[in-house]
Amino acid sequence: GNSVTQMEGPVTLSEEAFLTINCTYTATGYPSLFWYVQYPGEGLQLLLKATKADDKGSNKGFEATYRKETTSFHLEKGSVQVSDSAVYFCALYPNTGNQFYFGTGTSLTVIP
Amino acid sequence: DAGVTQSPTHLIKTRGQHVTLRCSPISGHKSVSWYQQVLGQGPQFIFQYYEKEERGRGNFPDRFSARQFPNYSSELNVNALLLGDSALYLCASSLALAGSQETQYFGPGTRLLVL
């Protein structure tokens, strides 16, 4: 089946710290992988995506690389800001399916 | 331009009742998807509609139904409400079928509480 596993939260970091949020997946075939972000009081927004192995998605200083050998798509940012405080969701879309599968979300709080 | 809008924002119902949730997609978008997000969990796919036809259905009971209107707005209906239906219901719209190449844009959601 298709599923996404994210690291448990919440995560609390000081401003300018390095961020990693782990995401691994199980899927048939070669899915596309996504990170969505949900800021307080807002709807989910697409942060970045990668559609094939070894692709790197990037946006707003965040990066994630599609690793087929480890079935992973870890989210990283070199220096987090208070404004990055949000809930981050990893998701996949199977190449033979018709729906998205989301992880449980990881809450990030960045303190000044 | 207006984003995806959903109504109502909050709703309280009792077990056994019926509820209708509404979604207006971004202008020009022809596809609408519905998700259920239980507290502490990620969104779970319920339905996707494109050009007024159902194009995908998640693992939800027949108590859940939806439709899309000629103006591409959509309704999600849930019958015989259970306590476990309490959740945030999200609507997302996209130009075409949401998938690896088509970005979906989410609304703020309708929070349903079943007592």
Side-chain angles (χ1 to χ4, degrees), chain A residues 1-10 21 23-53 55 57 59 66 73 75 86-107, chain B residues 2-7 9-10 21 23-26 29 31-51 53-60 64 66 87-111:
Chain A
N2 299 294
S3 67
V4 175
T5 302
Q6 285 183 240
M7 65 183 285
E8 295 277 336
I21 301 179
C23 171
T24 57
Y25 67 89
T26 301
T28 51
Y30 303 97
S32 295
L33 302 172
F34 304 79
W35 277 100
Y36 281 82
V37 59
Q38 188 172 33
Y39 297 105
E42 299 183 16
L44 275 79
Q45 304 173 22
L46 178 64
L47 181 59
L48 54 84
K49 71 177 185 182
T51 58
K52 61 182 188 295
D55 268 2
N59 186 26
Y66 188 161
F73 193 54
L75 182 68
V87 181
Y88 293 81
F89 293 92
C90 185
L92 71 82
Y93 189 89
N95 65 336
T96 57
N98 63 354
Q99 64 172 281
F100 281 82
Y101 296 84
F102 284 83
T104 54
T106 302
S107 175
Chain B
V4 177
T5 58
Q6 294 186 241
S7 62
T9 55
H10 296 81
L21 311 180
C23 171
S24 292
I26 292 171
H29 285 196
S31 181
V32 168
S33 298
W34 287 97
Y35 293 84
Q36 181 195 66
Q37 187 178 9
V38 172
L39 195 62
Q41 302 294 316
Q44 275 206 290
F45 173 77
I46 309 176
F47 289 109
Q48 180 169 191
Y49 276 76
Y50 177 62
E51 290 282 16
E53 290 189 5
E54 182 184 303
R55 301 299 292 269
R57 173 187 281 257
N59 189 23
F60 280 80
F64 288 76
L88 181 67
Y89 288 85
L90 299 170
C91 173
S93 78
S94 51
L95 281 168
L97 278 173
S100 60
Q101 301 301 329
E102 196 62 51
T103 299
Q104 50 183 350
Y105 297 83
F106 284 81
T110 293
R111 188 163 297 282

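Just so it is clear, the values below take in all heavy atoms, side chains as well, and ignore hydrogens, waters and symmetry mates. Residue numbering restarts at 1 for every chain, and letters A, B, ... go by the order of the sequence lines.
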Answer yes or no: does atom OH of A:Tyr30 have more than 12 heavy-atom neighbours from other residues, nucleotides or ligands under 6.0 Å?
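Not buried by this count: 12 neighbours or fewer within 6.0 Å.
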Taking all heavy atoms of A:Leu44 and all of B:Pro43, pick out the closest pair and write down the distance.
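Looking at all heavy atoms of both residues, the closest pair is CD2-CG, 4.0 Å.
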Minimum heavy-atom distance B:Arg57-A:Gln99, with the two atoms named:
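Heavy-atom minimum between the residues: O-NE2, 4.2 Å.
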Side chain / backbone / both / neither for [X] at chain A, heavy atoms under 4.5 Å:
| X | answer |
| --- | --- |
| B:Gln48 | side chain |
| B:Gln101 | both |
| B:Ala92 | neither |

ring-ring contact (aromatic ring centres under 6.0 Å, His included) for A:Phe102 and B:Tyr35? Distances and angles first, verdict last.
CA-CA 10 Å; A:Phe102 284 83; B:Tyr35 293 84; 5.7 Å; yes
Mind ranking B:Gly58, B:Gly107, B:Ser33, B:Gly99 by heavy-atom pairs under 4.5 Å with chain A and telling me who comes out on top?
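It is B:Gly99.
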Based on non-hydrogen pairs under 4.5 Å, which of B:Gln37, B:Arg55, B:Gln6 is most in contact with chain A?
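Maximum pair count with chain A is reached by B:Gln37.
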Counting only heavy atoms closer than 4.5 Å, note whether A:Gln6 contacts chain B via side chain, backbone, both or neither.
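Contact with chain B is absent: no heavy atom of A:Gln6 under 4.5 Å.
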Heavy-atom cut-off 4.5 Å, strictly under: side chain, backbone, both or neither for A:Phe100 against chain B?
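For A:Phe100, the contact with chain B is made by backbone and side chain together.
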Supply the atom-to-atom distance A:Tyr93 OH to B:Gln104 CD, rounded to the nearest 0.5 angstrom.
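It is 9.0 Å, given to the nearest 0.5 Å.
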Reported CZ-to-OH distance for the pair B:Phe106 and A:Tyr36, which is rounded to 0.5 angstrom:
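If we round to the nearest 0.5 Å, B:Phe106:CZ and A:Tyr36:OH are 5.0 Å apart.
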